[in-house]
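Scope of the values below: all heavy atoms of this structure, side chains included, with no hydrogens, waters or symmetry mates.
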Amino acid sequence: MNQKYMEYSGPSSKPPRLWKAALYIRLSREDEDLSKAESNSITSQREFLKEFLKQHPDISPMDFYVDDGWSGTNFDRPDFQRMMTDIYEHRIDCVIVKDLSRLGRNASETSNYIDNVFARLQVRFIAIHNYIDTVESRMNAATHCITVGIQNVINESVAATTSVNVRGTLNVERQQGKFIGSFACYGYRKDPEDHHKLLIDEEAASVVRQIYAWFLNGKSIIGIAKELNEMGIPNPSAYKKLHGMKYHHPTGKKNDGLWPDSSVRRVLRNEMYIGNMIQGKNTTISFKHKQCRSVPQEEWYVVENTHEPIIDKETFQKAQSLFNKNIRKSPRKNDVDLFSGFVRCADCHRSMSKKSNVHSYGTYHYYRCTTARKMKKSACGNHTIRLDRLEEAVLVTIQKMADVAIEMSELVEQINSKPGRRTESANIHAALKTAQREKERLQTMQMDLYPDWKSGILTQEEYRMLKANLAEKLESIENNIRNIQKTLDDFSNGIDDQNEFIATFKKYGRITKLTRPMLIELVDKILVHEENRIEVCFQYQDSYAEVLEYIEINGEQVTQPA
């Protein structure tokens with residue numbers, strides 16, 4: 001090998017000593033990006049150190065210590081710590097590296113190890129390329145300190161510059177929706193042909209789907225965690241390890257493989273499962289301190305529709321809606337109560353609490369507003385309702401809304417089948433063409449104003465007045481065109497059974513019992529007034545208003561002869 005090694009001044013007057021050496025090697029991803037050559041590769045460093053040892057019989061290699069993929073800006077690397085353990089236990093008294101940057105790129109920490117830790121423990125340190133040897137160095141103490149200090153500052157500067165460049169590159173890739181993480185989130189795997197893309201991992205994805213199904217069917221988050229643990233399904237961290245990934249939990253906690261409720265909650269909150277790439281949730285304090293801190297949500301990198309979804313958007317939104325409700329369950333049950341999170345006081349709009357009363361004829365349950373009890377009595381009225389009566393009233397209300405949806409569907413079908421719609425459509429088209437011709441006429445007149453003014457046909461005052469008048473008329477005709485176009489679009493597209501209100505409520509035309517999934521899909525909230533009166537606020541209000549307006553506008557056609 002054509003390598004240049006240190007030259008020594010001559011034989012020492014001291015008796016020969018056999019040094020027990022640790023051969024330390026480090027390579028990070030930043031180092032690879034910094035130098036595309038092979039000079040810093042793990043294999044190259046290993047061979048370089050071996051060649052050095054051939055020329056120094058007074059050094060006995062004890063072991064290689066290799067940190068592959070670890071940054072030099074901190075010293076919590078696994079093999080570096082193993083080396084330090086061997087030093088403290090006196091198995092090692094010499095550390096050899098190819099160059100000073102292999103030991104570290106944090107100037108203060110690297111100097112501390114060389115000048116304090118190694119010196120105090122009487123450990124010889126050799127950095128071959130930098131001509132540094134704390135025992136046989138030709139430099140005096142002052143020169144040694146200056147040389148080592150300057151080189152450490154240079155190494156740290158390189159690390160800082162590289163960190164900025166790498167972070168900038170990664171941010172660009174985040175903006176492009178490319179996945180840049182070391183590990184795909186639970187339910188996905190990296191595409192073997194392009195690690196910036198995600199593919200569904202069907203084994204884990206089936207668990208994700210089951211978690212959402214349980215949650216929407218009324219099972220609590222803790223209940224879901226218990227169910228997964230009873231089934232022996234490993235949590236996401238343990239799953240990665242079982243599939244051969246070298247994954248380490250950021251907190252460093254020992255993983256027992258069990259699902260905590262926090263992991264279930266993260267699955268139910270993760271927008272990645274609807275096909276959106278969410279990155280940049282956490283960042284490090286600096287290039288020297290790798291401790292993570294959370295990033296505000298508005299600063300996350302979000303790119304929609306970058307990969308195949310595991311959960312459809314409707315299911316995901318239903319789950320998020322449940323999170324926004326105040327959901328409680330009995331400590332002795334794994335399932336959430338039927339109305340949990342839905343029942344609110346009509347006056348103070350706070351969630352009502354479920355209570356129980358025991359009488360000689362049995363136990364009954366009821367909901368009660370706790371505002372007056374927790375605050376002064378005048379803070380809110382007496383709002384209570386028995387659970388059985390609430391369930392009956394909500395069931396009847398949903399049945400009536402289902403009947404309304406069926407009637408609306410029939411009316412819409414009759415409207416859409418009437419041949420008179422074609423004549424009306426032709427009239428709307430004609431009105432649109434007339435308005436567009438008027439717009440073109442006004443635009444031509446507007447263009448002719450300027451030449452007339454320049455040629456002296458119009459005075460400046462006449463020009464300004466006519467220009468303002470034409471601009472006003474143009475604005476009016478453009479608004480008219482937009483309204484006609486909307487009417488035409490609404491008329492052409494019409495309303496059918498794909499309308500969300502009709503399609504959803506028609507499914508529940510013959511229900512005889514309430515279920516929690518049904519409430520989640522149909523109901524926004526239930527307001528309890530005084531005297532046991534309730535008001536059910538349904539989902540799909542916009543869709544309901546849309547079909548109602550369509551029937552009001554076009555309903556006359558149903559009674560007219562064909």
Side-chain angles (χ1 to χ4, degrees), residues 6 17 19-31 34 40 42 45 48-49 52 59 61-164 166 248 252 284-293:
M6 289 184 296
R17 173 180 175 179
W19 296 90
K20 297 174 291 184
L23 308 175
Y24 183 70
I25 298 171
R26 184 190 64 79
L27 182 70
S28 67
R29 185 173 66 178
E30 289 81 2
D31 290 319
L34 191 64
N40 278 334
I42 296 296
Q45 289 183 63
F48 188 88
L49 295 178
F52 175 81
I59 300 176
M62 302 306 293
D63 200 356
F64 279 93
Y65 299 82
V66 181
D67 284 317
D68 190 2
W70 289 83
S71 171
T73 55
N74 57 74
F75 289 81
D76 59 354
R77 310 162 224 151
D79 249 28
F80 181 85
Q81 292 301 321
R82 182 171 71 88
M83 180 182 74
M84 291 307 301
T85 299
D86 287 346
I87 288 174
Y88 285 121
E89 294 178 357
H90 306 293
R91 288 194 288 268
I92 298 295
D93 59 10
C94 179
V95 175
I96 306 175
V97 293
K98 179 190 172 187
D99 60 68
L100 199 55
S101 66
R102 299 306 95 202
L103 182 67
R105 289 190 183 275
N106 183 319
S108 59
E109 287 291 321
T110 305
S111 295
N112 179 58
Y113 271 100
I114 296 172
D115 298 330
N116 296 323
V117 179
F118 291 164
R120 178 169 48 82
L121 296 172
Q122 298 183 343
V123 173
R124 180 182 182 182
F125 176 71
I126 301 173
I128 301 171
H129 264 180
N130 304 107
Y131 301 103
I132 296 172
D133 185 336
T134 56
V135 170
E136 298 291 344
S137 177
R138 295 175 297 171
M139 296 181 289
N140 59 37
T143 306
H144 168 83
C145 288
I146 293 172
T147 302
V148 172
I150 291 174
Q151 189 59 54
N152 280 333
V153 169
I154 292 172
N155 291 337
E156 181 174 310
S157 176
V158 170
T161 303
T162 304
S163 175
V164 171
V166 169
H248 300 280
T284 53
I285 296 175
S286 75
F287 76 97
K288 291 197 289 185
H289 302 284
K290 301 304 179 182
Q291 182 180 349
C292 284
R293 64 172 178 84

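- Inter-residue side-chain proximity for I87 and V95 is flagged as met; some heavy-atom pair is nearer than 4.5 Å.
- Atom CD of Q81 has more than 12 neighbouring heavy atoms from other residues, nucleotides or ligands inside a 6.0 Å radius.
- Going from atom NE2 of H129 over to atom CZ of F48 covers 3.5 Å, rounded to the nearest 0.5 Å.
- Taking the ring axis of W19 as reference, the NZ or CZ atom of R124 stays within 45° of it and closer than 6.0 Å to the ring centre.
- Interatomic distance, L23 CG to R102 CZ, rounded to the nearest 0.5 Å: 15.0 Å.
- Cation-pi contact between R120 and F118: absent, since separation from the ring centre below 6.0 Å together with deviation from the ring axis within 45° is not met.
- Minimum heavy-atom separation, Y65 to R82: CD2-NH2, 3.3 Å.
- Nearest heavy atom pair, residue I59 against residue P61, reads O-CD, 3.7 Å.
- With hydrogens and angles ignored, the 3.5 Å screen pairs a side-chain donor or acceptor of Q45 with a backbone N or O of R26.
- Listed here is the closest heavy atom pair of F125 and T134: N-OG1, 2.9 Å.
- The distance from the CG atom of L103 to the CE atom of M83 is 6.5 Å, given to the nearest 0.5 Å.
- One distance of note links OG of S71 with CG of N106; it measures 9.0 Å at 0.5 Å rounding.
- One finds no salt bridge joining D63 and R91 here, because no Lys/Arg side-chain nitrogen approaches an Asp/Glu carboxylate oxygen to under 4.0 Å.
- Here I128 contributes atom CD1 and K98 contributes atom NZ; the two are 9.5 Å apart, rounded to the nearest 0.5 Å.
- Within the 3.5 Å criterion, the main-chain N or O of D79 finds a donor-acceptor partner in the side chain of D67.
- Atoms CD1 and CD1, on I126 and I96 in that order, are 4.5 Å from each other to the nearest 0.5 Å.
- For the ring pair (Phe, Tyr, Trp, His ring centres under 6.0 Å) test, residues two or more places apart in sequence or in another chain that qualify with Y24 are F80.
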